[in-house]
Asker: 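I have a structure here, written as structure tokens, and I will follow up with some questions on it.
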Amino acid sequence: MKYGHFDDNAKEYVITTPATPLPWINYLGSNDFFSLISNTCGGYSFYKDAKLLRITRYRYNNIPADSNGKYYYINDNGVIWNPGTMPSGTPVDSYECRHGLGYSRFTSSKNQLQAELLAFVPTDEACEINCLKLKNNSSEEKHISLFSYVEFCLWNAMDDMTNFQRNLSIGEVEIEGSTVYHKTEYRERRKHYSFFSVNTKVQGIDTSRDSFLGQGQGNAFPEAVRNRKARNSVASGWYPIAAHQIELTLQPGEEKEFVFVLGYGENPADDKWETPGVIKKTDAVRILERFNTTEKAMEAFAKLKEYWNTLLERFTVSSGNEHINRMANIWNQYQCMVTFNMSRSASYYESGTGRGMGFRDSCQDLLGFVHLIPERARERILDIAATQFPDGSAYHQYQPLTKQGNMDVGSGFNDDPLWLIAAVAAYLKETGDYSILDEPVRFDCKPGTEVPLLEHLNRSFQFTVTHLGPHGLPLIGRADWNDCLNLNCFSSEPGESFQTTGPSEGPVAESVFIAGMFVKYGREYEEICKRTGHEKEAEEAEKAVKKVYDAVLDAGWDGEWFVRAYDAYSNKVGSSECEEGKIFIEPQGFCVMAGIGLEEGNAEKALDSVQKHLETKYGIMILQPAYTRYHLELGEVSSYPPGYKENAGIFCHNNPWISIAETVLGRGDRAFDVYRKICPSYIEDISEVHRTEPYVYSQMIAGADAPRFGEAKNSWLTGTAAWTFVNLSQALLGIQPGYDGLIVDPCLHGKFGDFSVKRRFRDAEYHIEIHKPDGVQKGVLWIEVDGEKIAGNQIPLIPGKKEYHVTVQMG
Ligand code: BGC
Ligand code: NOJ
């Protein structure tokens with residue numbers, strides 16, 4: 001069953017009912033100011049950091065679940081309703097929500113009054129614009145009371161939810177004309193404020209929540225809205241809000257439009273007062289002036305559309321398959337950009353108060369956005385590298401506002417260092433910009449510790465070399481990619497964090513997954529060393545990689561598949577010897593992607609075992625059989641009920657690894673099938689089972705052991721986005737950035753026909769036509785560049801050349 005449909009021309013998903021199985025959200029913002037917005041207008045806004053500079057308040061664990069947003073109430077002859085239907089929940093006569101690239105548009109009507117709300121964040125100002133148009137479609141004159149409503153968060157979202165003894169006394173606002181300024185804590189150490197305004201004279205304003213809603217009332221039918229009368233309250237402590245009242249008369253057929261702006265302003269610490277007690281409003285005045293008419297707002301909207309179109313056009317495929325076209329050209333790339341902006345901080349499953357930017361996560365996300373925003377990817381790499389320690393290990397997370405490592409989670413995830421190599425290699429291939437390797441980068445953000453970025457890569461590499469276990473495999477530390485494989489944790493106290501309990505290092509527990517990573521990215525490191533004239537390092541790297549390669553085939557092979565790990569007692573994890581958890585997906589995908597066992601025959605066997613033991617109709621499970629009890633020696637992985645999350649869920653993130661691995665073997669039919677099963681557009685028809693947004697990937701789909709098999713969770717912020725884009729663009733469609741040029745090597749389903757790709761690469765435009773005879777899965781017969789045949793399948797780079805016309809014949 002569907003709850004809407006794709007509109008590919010408009011690059012939108014059109015939701016046709018407010019009653020989606022879960023809130024289906026979108027992200028607004030591309031630089032510093034961000035908002036989450038659901039299909040019923042729930043969500044919240046923040047500046048740069050969802051934890052430290054939260055602008056509006058969201059209510060977690062609320063009923064109804066999706067509560068608090070930016071709301072508009074319409075009182076039309078006593079009938080109170082909202083354009084996005086919530087929070088009143090009043091049924092409307094028509095409803096549509098279009099989530100587009102960086103904007104959402106709601107169109108609904110009730111009793112022949114039509115409301116159209118467009119919400120977006122402009123590309124170059126710290127604010128969200130809401131254009132609200134009301135149109136009288138009846139034959140009678142209508143007298144409407146329109147109210148806006150936002151509830152301010154007192155900045156630190158965590159403190160805001162917990163520190164009531166202080167917070168209920170500190171709320172402060174200023175009101176000037178139609179603008180409400182939220183300035184809690186501005187009197188002391190803050191120099192920033194937020195504001196909410198509308199481009200018209202208003203009939204009233206409320207800034208005290210209880211005055212607006214009514215003492216002790218919820219926000220469904222505020223008292224002020226029912227009475228059609230704002231109380232002109234001035235918040236003093238308690239719960240500061242901003243609500244405007246606008247009275248309007250609409251003749252039959254007449255429409256009126258208002259521009260509401262929620263913004264953020266900042267002042268120099270020593271120049272933050274206009275007059276004593278009155279904040280300096282320079283930013284707000286500028287922003288409000290810039291967007292004070294519908295025309296000006298629409299200009300900003302046009303710029304936003306242009307921004308997204310130009311950005312996503314950097315990779316465009318045209319094929320006979322609408323799912324592939326829409327996912328590659330629109331939604332998959334869009335989701336990659338959202339993960340660039342959010343990492344794992346703010347979604348409807350990530351509260352924005354806990355996890356900031358992940359070291360591992362952001363490095364992987366980069367694989368999916370480096371072709372879109374190479375300059376910002378560069379900056380991101382340097383920020384991440386600066387949270388590394390001198391021994392090569394790294395903070396697992398850092399706060400986007402301060403860019404400092406997050407001490408609460410600390411370090412000790414032994415895969416982290418290698419992801420930095422993965423990110424830098426991808427950046428170098430995409431841009432050819434070797435200067436990044438010379439950039440001075442600190443350790444642990446400490447001034448005076450700068451070394452060139454290349455040295456950080458060396459430390460990453462050496463970290464594995466110096467942390468090998470009894471079988472010559474890498475030690476796992478707290479965990480590897482699978483955060484729940486906590487082999488040194490031994491937690492028996494309820495509530496202890498699996499991520500921080502126990503020693504961060506154990507001398508025995510080893511990871512075959514990290515071994516696969518080490519082979520894959522160790523080779524990249526070797527290549528980078530060679531290309532920068534570090535021959536000796538390259539040779540040593542080659543030897544170190546060879547040792548780990550051999551260790552995998554020796555101690556890391558179980559007979560039919562790769563072992564997952566060795567625990568702290570040196571017992572196998574993910575082996576036929578185990579009572580449960582006999583086979584895991586991660587080492588199968590990663591070892592084959594690394595090329596381990598290709599010649600020896602292990603690779604094919606491993607992938608066949610994945611299909612045999614882990615495959616379901618909804619995707620590939622992370623392990624089988626599921627853990628049915630808590631295993632002290634394994635940690636969080638066995639804490640989840642069978643079928644959920646890391647305990648035998650269909651963890652989407654590593655499905656593309658299998659698909660890519662299949663393309664390494666040249667099995668295009670299979671690779672495509674793996675891709676298809678979790679592809680949002682392909683499974684739109686079962687939205688009632690899948691339940692999360694049908695336009696983006698979720699972290700997890702419940703596995704076959706779970707009562708809710710097929711139900712997805714944790715949508716949006718997942719490495720699935722980046723890895724799927726790598727899979728789709730590079731492995732399946734086969735357009736691969738290489739150090740010396742673009743490589744073309746598709747591997748697709750035999751039935752997939754001819755297609756073409758337009759791609760921007762190193763300041764040139766590539767127009768690539770690919771002829772793929774029926775039944776062919778992989779193999780390039782010849783390539784012509786501008787009519788001339790080339791040798792091999794790498795398009796040579798010609799300095800200064802701006803356009804390449806490429807024809808590829810598969811066969
Ligand atoms: C989740 C993992 C996640 C980790 C992050 C665990 O509870 O299951 O998916 O990576 O938390 O800290
Ligand atoms: C989600 C985390 O963000 C990611 O870093 C981790 O690799 C996966 N969960 C698997 O545990």
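Position 1 is the first residue of the sequence; numbering continues from there. Just follow the structure's listing: the first ligand is 1, and inside any ligand the first atom is 1.
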Asker: Is a side-chain donor-acceptor pair under 3.5 Å present for Asp416 with Tyr395?
Answerer: no
Asker: Suppose I only count heavy atoms of Gln699 and a 4.0 Å limit; which atoms of ligand 1 are within that range?
Answerer: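 Those of ligand 1 that fall under 4.0 Å from Gln699 are 9 (O).
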Asker: Go through ligand 1 atom by atom and flag the ones less than 4.0 Å from a non-hydrogen atom of Glu636.
Answerer: 6 (C), 7 (O), 8 (O)
Asker: Is it true that the side chains of His613 and Glu560 contain a donor and an acceptor less than 3.5 Å apart?
Answerer: no
Asker: Does an N or O from Arg360, backbone or side chain, lie closer than 3.5 Å to an N or O of ligand 2?
Answerer: yes
Asker: Could you check atom 11 (O) of ligand 1 against the protein and tell me its nearest heavy-atom contact, residue, atom and distance included?
Answerer: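 That would be Gln499 NE2, 4.0 Å.
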Asker: Considering only non-hydrogen protein atoms, determine which one is nearest to atom 2 (C) of ligand 1 and report residue, atom name and distance to 0.1 Å.
Answerer: Glu646 OE2, 3.0 Å
Asker: Taking 4.0 angstrom as the limit and counting only heavy atoms of Tyr640, give me the atoms of ligand 1 inside it, by number and element.
Answerer: 1 (C), 6 (C), 7 (O), 8 (O)
Asker: Suppose we measure from atom 10 (O) of ligand 1 to each protein heavy atom; which comes out shortest, and what is that distance?
Answerer: Asp483 OD2, 2.6 Å
Asker: Test Gln699 against every option in Lys713, His653, Lys645 by the side chain to side chain donor-acceptor pair (under 3.5 Å) rule and name the one that passes.
Answerer: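 For Gln699, the side chain to side chain donor-acceptor pair (under 3.5 Å) check succeeds only for Lys645.
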Asker: Would Ser659 and Asn727 count as having a side-chain donor-acceptor pair, cut-off 3.5 Å?
Answerer: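 Present: a donor and an acceptor within the cut-off.
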Asker: Begin with the C-alpha distance, continue with both residues' side-chain angles, and end with the deciding distance and a verdict on salt bridge (charged side-chain N to carboxylate O under 4.0 Å, His left out) for Arg459 and Asp391.
Answerer: CA-CA 6 Å; Arg459 306 279 173 111; Asp391 72 349; over 6 Å; no
Asker: Numbering the atoms of ligand 2 from 1, which are under 4.0 Å from a heavy atom of Glu646?
Answerer: 9 (N), 10 (C), 11 (O)
Asker: Distance under 4.0 Å to a non-hydrogen atom of Asp361: what atoms of ligand 2 satisfy this?
Answerer: 2 (C), 3 (O), 4 (C), 5 (O)
Asker: Please determine, by modelled atom types, if Lys429 and Gln736 share a side-chain donor-acceptor pair under 3.5 angstrom.
Answerer: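 Not at all, the side chains of Lys429 and Gln736 share no donor-acceptor pair under 3.5 Å.
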Asker: Measure the acute angle between the ring planes of Tyr627 and Phe584, then classify it against the limits of 30° and 60° as parallel, tilted or perpendicular.
Answerer: tilted
Asker: Give a yes/no verdict on whether any heavy atom in Gln699 is under 4.0 Å from an atom of ligand 2.
Answerer: yes
Asker: Atoms of ligand 2 less than 4.0 Å from Asp483 heavy atoms?
Answerer: 2 (C), 4 (C), 5 (O), 6 (C), 11 (O)
Asker: Suppose I only count heavy atoms of Asn482 and a 4.0 Å limit; which atoms of ligand 2 are within that range?
Answerer: 11 (O)
Asker: So if I apply the side chain to side chain donor-acceptor pair (under 3.5 Å) rule between Gln499 and each of His396, Glu636, Arg478, which one comes out positive?
Answerer: Glu636
